[in-house]
Amino acid sequence: MKSEPDTFSISDLYKKSNQIEHWDGVRNYQARNMMRDAMKLGDQVFFYHSNCAVPGIVGIMEVVKEGYPDFSAFDPDDPHFDAKSDPAHPRWMMVDVKYVKTLCRIITLQELKGYPELADMALIRRGNRLSIMPVSPYQWAFILAIG
DNA sequence: GCCAACGTTGGC
DNA sequence: GCCAACGTTGGC
């Protein structure tokens, strides 16, 4: 899962009470579908810092609540407000994630691009701007091992 | 700040 | 349903 550290970084998650945050504001159908259908309780997730000086994987978190309506879409004062989503027919979903650990170093996008083993990763493929992407068990183990 | 790559919107 | 215009993402 990507987040811009200027907006919400892994240390912001660390500082949350219970170290839990709801992953609101995602307004992309593919990403929503993953939170709605694919992400299950206890699933581990990489935290990726995007749109910053050194983009890359910075830590690990865990799904502690499965997909449910993103209430930030209902609030006209919220920057992620969407009039087409209402509580009766919520369009956008989110999950809750909990801090697990911060990696000892940033595994940078530049480094990730260098491994043939990761060539199939959605993150690596050119032009992929999804904010939530799948990681295969092999890719997960590989990245943990180089971290 | 630039710009390529996407996703969304809306006229037709 | 097509597709041009537009907005956004995010690396660089």
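Order of the sequence lines sets the chain letters (A, B, ...), proteins ahead of strands, with each chain counted from 1.
Here A:W92 and A:F71 keep their ring centres 6.0 angstrom or further from each other.
A distance of 4.0 Å separates CG of A:L109 from OH of A:Y48, quoted to the nearest 0.5 Å.
Judged by the 6.0 Å distance and 45° axis criteria, A:K65 is positioned over the aromatic ring of A:Y68.
Here the rule is side-chain contact (heavy atoms from CB on, under 4.5 Å) with A:I132, and of A:Q30, A:K2, A:M39 only A:M39 fits it.
Running 5' to 3' along DNA chain B, contacts with non-hydrogen atoms of chain A at under 4.0 Å begin and end at B:dA5 to B:dT9.
Among residues two or more places apart in sequence or in another chain, the ring-ring contact (aromatic ring centres under 6.0 Å, His included) test is passed with A:F81 by none.
Along DNA chain B, the nucleotide nearest A:Q30 and the nucleotide nearest A:N51 are compared for position; the residue whose nucleotide lies closer to the 5' end is A:N51.
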